[in-house]
Amino acid sequence: MPTLLLLVTSNVFMTTAWYWHLKGGMNKPLPLVIAISWGIALFEYCLAVPANRIGYAAGWSAGQLKVTQEAIALLVFGVFMVAVLKEPLHWRHAAAFACLMGAVAFMFSGK
């Protein structure tokens, strides 16, 4: 559970670092946006690295950690896209998420 909680929280920071400037920050100079994004991303790394270490020590493979992270990233981005960027969800978002959940299921099958 600590691995999942850390991965979710780290993805919130990374999604914010990558996309915050699309809503109200497009008029800011690109070097400033990059510097702010790096500052936000620092917190992501402070959470993602321990998440991966804890998960790996608990018996998760690197592949399982990565596929889980990608599924969480899509879920977090979906929420960010709707809540912050005010973009609508479409059936293709659900289909993409379902495919990622399938990838997660394959990575954890037989474990």
Side-chain angles (χ1 to χ4, degrees):
M1 191 55 113
T3 298
L4 291 175
L5 182 61
L6 287 168
L7 286 175
V8 168
T9 308
S10 74
N11 270 282
V12 169
F13 279 105
M14 188 52 78
T15 298
T16 302
W18 284 4
Y19 299 104
W20 69 270
H21 58 92
L22 299 181
K23 188 72 168 187
M26 292 296 289
N27 58 349
K28 292 180 176 24
L30 187 55
L32 176 62
V33 169
I34 291 169
I36 292 169
S37 292
W38 277 5
I40 296 168
L42 172 64
F43 294 105
E44 187 270 342
Y45 282 102
C46 290
L47 297 168
V49 171
N52 286 312
R53 289 178 65 124
I54 291 167
Y56 197 75
W60 293 36
S61 71
Q64 290 170 328
L65 288 164
K66 182 60 182 173
V67 167
T68 302
Q69 183 276 327
E70 292 297 339
I72 291 169
L74 184 60
L75 180 62
V76 168
F77 179 76
V79 171
F80 186 89
M81 182 182 79
V82 171
V84 177
L85 299 178
K86 307 296 186 210
E87 294 182 10
L89 282 176
H90 296 283
W91 68 267
R92 67 182 183 276
H93 296 108
F97 187 70
C99 289
L100 274 177
M101 289 300 102
V104 171
F106 280 122
M107 288 302 292
F108 281 90
S109 68
K111 173 116 172 106

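Note: hydrogens, waters and symmetry copies are ignored here, and every other heavy atom, side chains too, is used. Predicted model, so just to flag it, every value in this text is computed and none were measured.
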Kindly write out the residues that satisfy side-chain contact (heavy atoms from CB on, under 4.5 Å) with Pro31, not counting sequence neighbours, or none if the list is empty.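 Residues passing side-chain contact (heavy atoms from CB on, under 4.5 Å) with Pro31: Pro29.
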When hydrophobic residues are tied together by side-chain contacts of less than 4.5 Å, even through go-betweens, does [X] share a cluster with [Y]?
X: Val104; Y: Ile72; result: yes
X: Leu75; Y: Met14; result: no
X: Val79; Y: Phe77; result: no
X: Val82; Y: Val76; result: no

Please enumerate all residues that pass salt bridge (Lys or Arg N to Asp or Glu O under 4.0 Å) together with Glu87, with sequence neighbours excluded. none
Set of salt bridge (Lys or Arg N to Asp or Glu O under 4.0 Å) partners for Lys23, sequence neighbours left out: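 Listed in chain order: nothing, the list is empty.
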What side-chain donor-acceptor pairs closer than 3.5 Å can you find for residues 35-54, not counting sequence neighbours?
{"unit_1": "Ser37", "atom_1": "OG", "unit_2": "Ala17", "atom_2": "O", "d": "2.7"}
{"unit_1": "Ser37", "atom_1": "OG", "unit_2": "Trp20", "atom_2": "NE1", "d": "3.0"}
{"unit_1": "Ser37", "atom_1": "OG", "unit_2": "Val33", "atom_2": "O", "d": "3.0"}
{"unit_1": "Asn52", "atom_1": "ND2", "unit_2": "Ala48", "atom_2": "O", "d": "3.0"}

Let me check something: any side-chain donor-acceptor pairs from residues 1-13 under 3.5 Å, sequence neighbours excluded? List them with distances.
{"unit_1": "Thr3", "atom_1": "OG1", "unit_2": "Gly55", "atom_2": "N", "d": "3.1"}
{"unit_1": "Thr9", "atom_1": "OG1", "unit_2": "Leu5", "atom_2": "O", "d": "2.9"}
{"unit_1": "Ser10", "atom_1": "OG", "unit_2": "Leu6", "atom_2": "O", "d": "3.3"}
{"unit_1": "Ser10", "atom_1": "OG", "unit_2": "Leu7", "atom_2": "O", "d": "3.0"}
{"unit_1": "Asn11", "atom_1": "OD1", "unit_2": "Gln69", "atom_2": "NE2", "d": "3.1"}
{"unit_1": "Asn11", "atom_1": "ND2", "unit_2": "Leu7", "atom_2": "O", "d": "2.8"}

Check whether any side-chain heavy atom of Thr68 sits under 4.5 Å from a side-chain heavy atom of Trp60, and report yes or no.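 Yes, side chains in contact.
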Report yes if the side chains of Lys66 and Ser61 come closer than 4.5 Å at any heavy-atom pair, otherwise no.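 When only atoms from C-beta onward are counted, Ser61 and Lys66 do not touch, as no gap falls below 4.5 Å.
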Students often mix this up, so state it plainly: with edges at 30° and 60°, are the rings of Tyr19 and Phe80 parallel, tilted or perpendicular?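 Rings of Tyr19 and Phe80: tilted, as their planes differ by 30° to 60°.
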Looking at Gly59 and Gln64, what are the two nearest heavy atoms and their distance? O-OE1, 4.1 Å
Could you tell me which non-hydrogen atom of Leu65 sits nearest to which non-hydrogen atom of Tyr56, and how far apart they are?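 That would be CD1-N, 3.9 Å.
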Any chance you could measure His21, atom NE2, to Lys28, atom NZ, to the nearest 0.5 Å?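 With rounding to 0.5 Å, NE2 (His21) is 11.5 Å from NZ (Lys28).
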Where at least one partner belongs to residues 83-107, residue pairs that pass ring pair (Phe, Tyr, Trp, His ring centres under 6.0 Å), sequence neighbours excluded: His90-His93
